[in-house]
Amino acid sequence: MASESFTLLSFIILCAAHAYSLPTPCRLQGELIQKVNDLLQNMGGLYPLECLDENVNLTFPDSAFKSNRTAQINVGVDQAIYEVLRKMDVVFENDTMPDSWDQGKLDDFRNIVYRLVEESECVIQDHHSPNQETPIDAYFKDMANILQQKQYSACAWEVVRKETLRTLRFILQNASAHLFWRRRHG
C-alpha cells in the first residue's frame with residue numbers, strides 16, 4: 001500500500017512539475033520581450049555619431065496598439081505586438097548586419113524573437129485581408145526601404161535598430177498589461 005501511495009504521489013509531483021515548466025501558449029511573454037529589448041540595446045552600443053546625418057525618424061504606428069473597437073483596422077493590442085515581433089523576425093533575418101554589433105547578442109536576439117513568434121502565433125486572427133496594409137506593415141516597410149536605399153549600410157542598420165528599440169520600449173511601457181510575466185512586473 002505504501003508503495004502504491006508513493007508511486008501515485010510521485011506521479012502527481014512529476015505531472016505538476018512538467019505542467020509548470022511548459023511554455024505558456026498564446027501569451028506574449030513579457031520577460032522575453034524585455035530580454036529582446038536589452039539584447040538589441042546592448043548589441044551595438046550608443047547611436048554612432050558618424051550616423052547622425054543619416055538619422056531618419058519614422059512615424060511610429062502607436063494607433064495600432066489602441067484597443068478601440070471602432071477603428072477600421074483593429075488588430076487588438078496582443079495582435080499588434082505579435083505583428084511587430086513577426087516583422088522584426090523578417091527584418092533581422094538579413095545577414096548584412098554591422099560587424100560592430102556583438103554577434104552573440106545578435107544571435108540570441110534573433111533566436112528569442114523567433115521563439116516569441118512561434119509560441120505566440122495563435123494570438124493573431126484573420127482580421128484583415130492579406131492585401132490590406134496595417135500601420136505596422138507600413139512602419140516596417142519603411143524600415144526595409146531605408147535598408148535598401150542605403151544599401152544595408154551600418155548607419156541604415158542603426159536607424160532600424162533605433163526604431164525597433166523605440167517600438168519595443170513602447171510595448172513594454174504602454175502594453176505591459178497585455179504581456180504574461182512569470183514574476184510580478186512593476
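Every heavy atom of this structure was used, including side-chain atoms; hydrogens, water molecules and symmetry mates were not.
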Set of salt bridge (charged side-chain N to carboxylate O under 4.0 Å, His left out) partners for [X], sequence neighbours left out:
X: R169; result: none
X: K105; result: none
X: D95; result: R110

Derivation of the side chain to side chain donor-acceptor pair (under 3.5 Å) call for Y139 and T167
CA-CA 10 Å; Y139 181 64; T167 305; 3.2 Å; yes
Taking NZ, NE, NH1 and NH2 as the nitrogens, is one of them in E118 or R115 under 4.0 Å from a carboxylate oxygen of the other?
no
Could you tell me whether E121 and R86 make a salt bridge, using a distance below 4.0 angstrom between a side-chain N and a carboxylate O?
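No, E121 and R86 are not salt-bridged.
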Looking only at heavy atoms, what is the nearest atom pair of A175 and V77, with distance?
CB-CG1, 3.8 Å
Indicate the atoms forming the closest heavy-atom contact of V91 with F140, along with that distance.
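Minimum heavy-atom contact is CG2-CD2, 4.0 Å.
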Qualifying residues under side chain to side chain donor-acceptor pair (under 3.5 Å), relative to [X], sequence neighbours excluded:
X: N145; result: none
X: Y82; result: none
X: D108; result: none

Which pairs with one or both residues in residues 147-156 pass side chain to side chain donor-acceptor pair (under 3.5 Å), sequence neighbours excluded?
none
Which value, rounded to the nearest 0.5 Å, describes the distance between K87 atom NZ and D137 atom CG?
4.0 Å
Return the CG to CG distance between L165 and L39, rounded to the nearest 0.5 Å.
10.5 Å
Does any non-hydrogen side-chain atom of [Y] lie less than 4.5 Å from one of [X]?
X: N94; Y: L147; value: no
X: T164; Y: M143; value: yes
X: L179; Y: I81; value: yes
X: M97; Y: M43; value: no
X: W101; Y: R161; value: yes

Can a donor-acceptor pair be found, under 3.5 Å and without considering hydrogens, that links the side chain of N111 to the backbone of D107?
yes
Hey, is the main chain of R182 close enough, under 3.5 Å, to the side chain of E31 for a donor-acceptor pair?
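Yes; at least one donor-acceptor contact below 3.5 Å.
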Can you name the ring-ring contact (aromatic ring centres under 6.0 Å, His included) partners of F109, sequence neighbours left out?
F92
Pairing residues for Y114 by the ring-ring contact (aromatic ring centres under 6.0 Å, His included) criterion, not counting sequence neighbours:
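By the ring-ring contact (aromatic ring centres under 6.0 Å, His included) rule, Y114 matches no residue at all.
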Contacts of D38 that satisfy side chain to side chain contact (heavy atoms under 4.5 Å, CB included) - sequence neighbours left out:
Q34, N42
Candidates L32, L172, I171 - the one meeting side-chain contact (heavy atoms from CB on, under 4.5 Å) with N37:
L172
Might you work through the side-chain contact (heavy atoms from CB on, under 4.5 Å) test for L28 and E119, ending with a clear yes or no?
CA-CA 8 Å; L28 296 156; E119 288 179 0; over 6 Å; no
Go through it in stages, so that I can follow the logic: the residues are E163 and I146, the test is side-chain contact (heavy atoms from CB on, under 4.5 Å), and I'd like the CA-CA distance, side-chain angles, deciding distance and then a yes or no.
CA-CA 11 Å; E163 289 295 325; I146 288 169; over 6 Å; no
Side-chain donor-acceptor pairs under 3.5 Å in residues 46-60, sequence neighbours left out?
residue	atom	partner	partner atom	Å
Y47	OH	C51	O	3.4
N55	OD1	K162	NZ	3.1
N57	OD1	K162	NZ	3.0

